Amino acid sequence: MKEAIGEAMERGVLPKQQDLPNFTIEPPPQEEFGDFATNIAMVLARPMGKNPMQIANAIVQHLPPNDLVQKVEIAPPGFINFVLTDDWLHEAVKEAIERDEKFGHWDIGQGKKVQVEFVSANPTGPLQIGNARGGALGDAIANLLSAIGYKVEREYYINDVTMSTQVQNFGESLEARYLQLLGYDVPFPEEGYKGEYVVELAREIVNEYGNAFVELPPEERRRKFFELAREKIVAHHKSVLERFGIVYDNWVSEQWLYDSGRVARTIELLKQKGLTYEAEEALWMRTTDFGDLKDEVIVRRTGAPTYFASDIAYHLYKRERGYAFVVDVWGADHHGHVPRMHAALKALEIERDEEWLKVVIYQLVRLVKGGETVRLSKRAGEIVSLDDLLDWIGKDAARFFLLMRSADAHLDIDLDLAVKQSQENPVYYVQYAHARCCSIFREAEKRQHPALPEYRNADLRLLTDETERKLMKVIARFPELVKEAAEKFSPHLLTQFSIQVADRFHDFYERCRVLGEDVKLSAARLALVKATQVTLHNTLTLLGVSAPEAM
RNA sequence: GCGCCCGUAGCUCAGUCCGGAUAGAGCGCUGGCCUGCGGAGCCAGAGGUCCUGGGUUCAAGUCCCAGCGGGCGCGCCA
């Protein structure tokens, strides 16, 4: 392309330009227009002061000959459309078959170590639907980064600091339930955690330890309760997340950051660097010097460090471990935390332009039941837990559904519908397509079809039906899509893509009989089915959804 | 009041980063297709002020400005 423009400029057909502006070469919106299209002539119209159609003409006249290009057309207002020979489609099919599980994988990350941290809930209750979204997102992002060549670690940060308000409150709730179970008439804290699971935890403690804690001083008793509950809850979180298909490499405790002295050292470091000042009996950090909207307290009047302080310590700990970059997946209710974290990291010269900490914010999930929005509050005990969700619709549907929209979009789940109509979830449509691919191979084997041993060397030029070409095209797009989804931290692109692949496969399947009389054609079609199967398998795997061979 | 996200088909949402041709999908709706490798499927159709108003541009769902509507933040909570 550049050659053609250069040539045209040399010959004086086009005015000379120093630099070419950015232009695009991409598949056009309508497939009839061709395989690829470029807007270069229109982009050049302004600097050259010429009509885009004339420029396009000049470029096309000077295009170097190329075996891959079958036809070049100019369309108003100035697009240049290329129709390629089908070689590139055939290459994609071959690549899918040959690379199999590695199809769509890249080496962009060059084995560099990165980290994705997600879910990271308070150990004060079951994981709920919002955590499920964070989980599905974080895990899929980790899969994607791994697919483009990074060495990815998954991390869970346990917000378990005993002096925190939430944890104190939780301890009081447990204490009240414990005493109530033993027959004491004690009031339940007004702001306490009202969920039934608190009663169950208290019951477990009663069963294991009887009335051993009744005589303890309340403060000690509450801490003991929380420690007992913490172990149970974290273990439970771990097992539910595994059920959801997520296995972490690291579990980091916030309390440990305190116990190991990291929080204290971090505060010292900030002081030494002159980034702090005292006001109103508290210690503040000058985050506004680094782009934050207001300064932040890092040590309270009471002497207790804030969550912000421990989070800086936590990110320093991440930094120590040598990650090329880290991804934090947070709910929208934490978005206010983003500018101050970046400010802190800039102040500590860990990053300059938000290139090290990548925060993915997902909008909260709204549940609709009986036509009404359900307000979720752990303390009020209105919880739809990840367990419940998995019981109702299963891992695959849950993950697919949670990854169907961009993280930016609010996600509505009608619970009645999710339960009742789970069979209509698109995940089944996609999985069915994959199972069908497998089924065709099973059938071929059963019949000992002569095309079966041939398909790896099939003559793909026999694939001439429109449905075959469309299917090949979508398969050919897969590697670029993986890259894009990984770089944008946007797994939903894959969800949308998988539906399209399934769609085109079903079209093809209806129109083209795979196992037929013509052995060469059957072999070519088997190759296409295999490539489809690989593409669907890899897409679903990246999403964390299983790709069943039979349903 | 300030900040972030969202506003596109009856519903739920892609597409906006990086402007481009006739704005897409799923569900729902209407009408067709079961003697074929899996009907958990396929085909056809109806359905749109891309929230509003300005601006930039040859070209705006996309960029800029001002509004409106919804969500979430703005704590010495996490």
Side-chain angles (χ1 to χ4, degrees), chain A residues 22-24 26 28-30 32-33 37-39 42-43 45-46 51-52 75-79 81 120-122 124 159 161 164-167 169 254 279-284 293-294 296-308 310-311 331-339 361-364 366 368 373 401 404-414 417 421 423-426 428-433 435-444 446-447 449 488 490 492-493 495-497 499-500 502-503 505-507 509-516 522 525-526 529 550-551:
Chain A
N22 288 332
F23 62 96
T24 59
E26 52 192 14
Q30 305 288 318
E32 301 80 65
F33 294 150
T38 178
N39 64 347
M42 287 176 288
V43 177
R46 170 158 282 256
N51 181 316
F79 289 102
N81 293 327
S120 299
N122 278 339
T124 55
N159 297 140
V161 172
S164 78
T165 314
Q166 279 84 345
V167 166
N169 182 6
E254 185 183 1
E280 301 166 57
E281 299 170 69
L283 187 69
W284 296 70
L293 294 166
K294 60 181 198 44
E296 301 290 337
V297 170
I298 56 172
V299 180
R300 299 178 182 93
R301 189 176 304 161
T302 60
T306 60
Y307 175 79
F308 180 47
S310 58
D311 217 19
D333 53 343
H334 285 65
H335 77 252
H337 195 53
V338 178
I361 296 290
Y362 61 90
Q363 297 300 311
L364 296 184
R366 213 165 34 184
V368 181
T373 302
F401 202 86
M404 271 178 59
R405 298 122 164 74
S406 79
D408 279 342
H410 294 273
L411 180 58
D412 272 16
I413 299 182
D414 186 327
L417 212 70
Q421 303 199 345
Q423 292 301 305
E424 276 136 65
N425 193 305
Y428 292 98
Y429 179 75
V430 176
Q431 288 181 320
Y432 180 72
R436 220 176 204 183
C437 291
C438 298
S439 161
I440 291 169
F441 272 87
R442 276 196 300 273
E443 183 68 23
K446 202 171 86 186
R447 292 194 204 164
H449 196 283
K488 289 177 170 175
S490 298
H492 77 278
L493 297 175
T495 324
Q496 309 279 336
F497 174 79
I499 293 169
Q500 201 184 4
D503 218 356
F505 173 69
H506 288 309
D507 277 352
Y509 177 87
E510 288 295 316
R511 180 108 155 234
C512 302
R513 193 177 170 78
V514 178
L515 303 173
S522 295
R525 287 181 173 165
L526 269 179
V529 172
M551 294 175 73

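Heavy-atom basis, side chains included; hydrogens, waters and symmetry copies ignored. Since this is a predicted model, take the numbers as computed values, not measurements. In what follows, chains are A, B, ... by sequence order, proteins preceding strands, each numbered from 1.
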Problem set entry | Touch class at under 4.0 angstrom, heavy-atom based, for A:Ala433 against every strand present | nothing
Identify each atom pair where a protein N or O and an N or O of nucleotides 18-22 of chain B are less than 3.5 Å apart, giving names and distance.
from	atom 1	to	atom 2	distance (Å)
B:rA21	N6	A:Asn81	OD1	3.1
B:rA21	N1	A:Asn81	OD1	3.3
B:rA21	N1	A:Asn81	ND2	3.2

Problem set entry | Whole-Å C1' distance, B:rG73 and B:rC77 | 13 Å
Exercise. So which nucleotide from B:rC76, B:rC72, B:rA78 ends up closest to the side chain of A:Glu280?
Worked result: B:rC76
For this session: Tell me which nucleotide among B:rC6, B:rC13, B:rA78 gets nearest to the side chain of A:Asp412.
Result: B:rC13
Problem set entry | Nearest heavy-atom neighbours spanning A:Arg301 and A:Glu280 | NE-O, 3.7 Å
Exercise. So, A:Gln166 and A:Thr124: side-chain donor and acceptor under 3.5 Å apart, yes or no?
Worked result: no
Problem set entry | Nucleotide of B:rG38, B:rC42, B:rC5 approaching A:Met551 most closely (side-chain heavy atoms) | B:rG38
Problem set entry | Side-chain donor/acceptor of A:His410 to base of B:rG70, under 3.5 Å | yes
For this session: Could you tell me the separation between the CD atom of A:Gln496 and the C1' atom of B:rA25, rounded to a whole number of Å?
Result: 7 Å
Seminar exercise, completed: Exactly one candidate in A:Asn122, A:Asp311, A:Val161 meets side chain to side chain contact (heavy atoms under 4.5 Å, CB included) with A:Glu254; the answer is A:Val161
Exercise. So A:His337 and A:Phe308, would you call those rings parallel, tilted or perpendicular, with 30° and 60° as cut-offs?
Worked result: perpendicular
Exercise. To the nearest Å, how far apart are A:Arg513 CZ and B:rU35 P?
Worked result: 14 Å
Exercise. Rounding to a whole Å, what distance do you find between A:His334:NE2 and B:rC72:C1'?
Worked result: 12 Å
Exercise. Base, sugar-phosphate, or nothing: which does A:Ala444 touch, judged by heavy atoms less than 4.0 Å apart?
Worked result: nothing
Exercise. Which atoms form the tightest heavy-atom contact between A:Leu526 and A:Phe441, and what is the distance?
Worked result: O-CZ, 3.4 Å
Seminar exercise, completed: Heavy-atom closest pair (A:Ala502 atom, A:Tyr429 atom, distance to 0.1 Å) is CB-CE2, 3.6 Å
For this session: Using a heavy-atom cut-off of under 4.0 Å over every strand shown, decide if A:Ser439 touches base, sugar-phosphate, or nothing.
Result: base
Problem set entry | Gap between atoms CD and P, on A:Glu254 and B:rC77 respectively (whole Å) | 13 Å
For this session: Would you state whether a donor and an acceptor, one from the side chain of A:His337 and one from the base of B:rG73, lie under 3.5 Å apart?
Result: no
Exercise. Could you give the CG-to-P distance, from A:Asp311 to B:rC77, as a whole number of Å?
Worked result: 15 Å
For this session: Tell me whether A:Tyr509 is stacked on the nucleobase of B:rC37, counting only the six-membered base ring and applying the 5.5 Å and 30° thresholds.
Result: yes
Problem set entry | Between B:rC76 (P) and A:Arg301 (CZ): distance, integer Å | 9 Å
For this session: Could you tell me which residues satisfy side-chain contact (heavy atoms from CB on, under 4.5 Å) with A:Ala37, sequence neighbours excluded, listed by chain and number?
Result: A:Pro28, A:Asn81
Exercise. If you look at every strand shown and take non-hydrogen atoms under 4.0 Å, does A:Cys512 touch a base, only sugar-phosphate, or nothing?
Worked result: base
Exercise. What interatomic distance, in whole Å, is found between C1' of B:rC72 and the corresponding atom of B:rG10?
Worked result: 28 Å
For this session: Identify which nucleotide among B:rG15, B:rA78, B:rG26 has an atom closest to any side-chain atom of A:His492, counting heavy atoms from C-beta outward.
Result: B:rG15
For this session: Identify whether any heavy atom of A:Arg447 sits under 4.0 Å from a base atom; if not, whether one sits that close to sugar-phosphate; answer base, sugar-phosphate or nothing.
Result: sugar-phosphate
Exercise. Which residue lies toward the 5' end of RNA chain B, A:Leu293 or A:Ala279, if each is placed at its nearest nucleotide?
Worked result: A:Leu293
Problem set entry | side-chain contact (heavy atoms from CB on, under 4.5 Å) partners for A:Phe505, two or more places apart | A:Ala433, A:Arg436, A:Cys437, A:Ile440, A:Leu471, A:Phe508, A:Tyr509, A:Val529, A:Thr532
Exercise. Looking for any heavy atom pair under 4.0 Å, which part of the strands does A:Thr495 touch: base, sugar-phosphate only, or nothing?
Worked result: nothing
Problem set entry | Rounded distance (Å) that lies between atom C1' of B:rG38 and atom NZ of A:Lys446 | 11 Å
For this session: Report the distance from atom CD of A:Glu510 to atom P of B:rA44, rounded to the nearest whole Å.
Result: 12 Å
Exercise. Among the nucleotides B:rA14, B:rC72, B:rA25, which one has an atom lying closest to any side-chain atom of A:Ala409?
Worked result: B:rA14
